[in-house]
Number of protein chains: 2
Amino acid sequence: MRKKSISRKEQILQAAFATVCRQGYYETRIDDVARRAGVAKGTVYLYFRDKPDLYLGIIRWLLSQAYTILQEIAGQPLSARARLSRVFQTWTEKLLPYPGATELIFPEMNRERCNLNRRFREQVLPELRRLLDGIAGIIVQGIRQGEFRPVEPRLAALNFLNAFRTGLLLMSRELRIGSAPEQSLDLFFHGISLKTKGGK
Amino acid sequence: MRKKSISRKEQILQAAFATVCRQGYYETRIDDVARRAGVAKGTVYLYFRDKPDLYLGIIRWLLSQAYTILQEIAGQPLSARARLSRVFQTWTEKLLPYPGATELIFPEMNRERCNLNRRFREQVLPELRRLLDGIAGIIVQGIRQGEFRPVEPRLAALNFLNAFRTGLLLMSRELRIGSAPEQSLDLFFHGISLKTKGGK
DNA sequence: TATTAGACTGACTGGTCAGTCATTATACCA
DNA sequence: TGGTATAATGACTGACCAGTCAGTCTAATA
């Protein structure tokens, strides 16, 4: 009477995450995931209904981890700017080995409501909004305390995600832009800051 | 002795573009494209070697159109800021019916070098760099004329693309952010502007 | 009008892969 | 130790679809 181990599910999730980040959803074979997880294909289907279910599982897992980090930092006694910096930094550290991770989320948003997309909207969008609201909350704090301009907080939050994504992209050196992730964050801060006295 | 018409190729390209923007590459069937273009499947293969070739054709077509618009506006006697505004506006008008268009480019950048990706890097990245350099050129002008801070121009150009993408995303209302595309552009300008006297 | 070159067609094929399920392995209990 | 419930396996299947090609159509030319 063994129990379906949670760790087994986690193990598959982790393998799927790594694979999908490298190859993208459609180039990922369930066999690839199973092999990387060290289980047989059938085992994957003991823990996930079908391929989309596995995919959505990955994304929710990712978002929930991102949210946990955010909440942790939101609880610390810091300025809004310092909080966002720390979130940026922590996320970057975690996702550095998985530069494709940010692409799991956005591309699906501008698509037609096909099979996968419908489930995406139902299961992922709420989590994504929660994360955005978490960031927006920090930004509202910054506005109240006079650190930031009175920008639309959700839009600024979206820009924060963009800055993060760009930071990861810069690390890949693919576009041959000689900038570090921090510069992407810096540009973001300049966009919402009140006082921008002079230079870089 | 009819000739393989250029318009026929254009027609297929247009149909493929519309379809891929709605459904994404992997959910697009060559049959869909053919039907929308009003030709038979086989005809598609008279003009494109295989599916990736069609896909890359779409992207290069898109990038070259974007570049043409950019060049046109770059030739007008305007401030750097006014130029970027006009580019933003023109691009937005053109791509409003195809909100998925921006997703054709970026997701592929953080992926492993599989079949499709290798060809993407060879054929698309140079075009993309050219476009980025075009934007960066306007930004350099702005820096020289004291409109913008001395930011890294290529990074700022990448941010401009992000702002554009976010503008399109806002139009879809999916995230329930009550902002218009212009606000995304505004945030971008704040990030690179020298003088930011007070709030909105 | 007959000829022909090249455009166009769409039924067909072969490979791929998600998902299944009969079988085997394992842990737990009496 | 034998019995049982559950976990795990991996060979198999059926659907799907990119790409093919033998045949048809069309228009320009002689």
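One can place OH of A/Y26 at 17 Å from C1' of D/dA18, the figure rounded to the nearest angstrom. Between the P atom of C/dT9 and the CG atom of B/D31 lies a distance of 12 Å, rounded to the nearest Å. Distance B/R35 CZ to C/dG10 P: 12 Å, rounded to the nearest Å. As rounded to whole Å, 17 Å separates atom P of D/dC25 from atom CG of B/L46. We find that CD1 of A/I30 is positioned 15 Å from P of D/dT9, with the value rounded to whole Å. In this structure, B/Q11 atom CD and C/dC8 atom C1' are separated by 12 Å, rounded to whole Å. Straight-line distance from the NZ atom of A/K9 to the P atom of D/dA8: 13 Å, rounded to whole Å.
Residues from residues 48-60 of chain B that place a heavy atom under 4.0 Å from any atom of DNA chain C: there are none.
Note on B/W61: it clusters hydrophobically with B/I105, by side-chain heavy-atom contacts below 4.5 Å among ILVMFWY residues.
Listed nucleotides: D/dT9, C/dG10, C/dG19. Nearest to the side chain of B/A40: C/dG10. In the set D/dA8, D/dG19, C/dA18, the nucleotide with an atom closest to the side chain of B/K41 is D/dG19.
Listed pair A/R29 / C/dA18 meets the phosphate criterion, a side-chain N or O lying under 4.0 Å from OP1 or OP2. Applying the 4.0 Å criterion to OP1 and OP2 of C/dC8, one finds that B/Y47 has a side-chain N or O inside that range.
Between B/V39 and A/T28, the residue whose closest nucleotide on DNA chain C is further toward the 5' end is B/V39. Comparing B/G42 and B/Y45 along DNA chain D, the residue whose closest nucleotide (by nearest heavy atom) sits nearer the 5' end is B/Y45.
Formation of a donor-acceptor pair under 3.5 Å by the A/R83 side chain with backbone atoms of A/Q76 is found in this model. Here the side chain of B/R36 pairs no donor or acceptor atom with the backbone of B/Q14 at under 3.5 angstrom. At distances below 3.5 Å, at least one donor-acceptor pair connects side-chain atoms of A/R29 with backbone N or O atoms of A/Y26.
Counting non-hydrogen atoms of neighbouring residues, nucleotides and ligands closer than 6.0 angstrom, the CZ atom of A/R121 exceeds 12 such neighbours. Heavy-atom contacts from other residues, nucleotides or ligands closer than 6.0 Å to CZ of B/R111 number more than 12. Annotation: A/Q89, atom CD; neighbour count of heavy atoms from other residues, nucleotides and ligands within 6.0 Å does not exceed 12.
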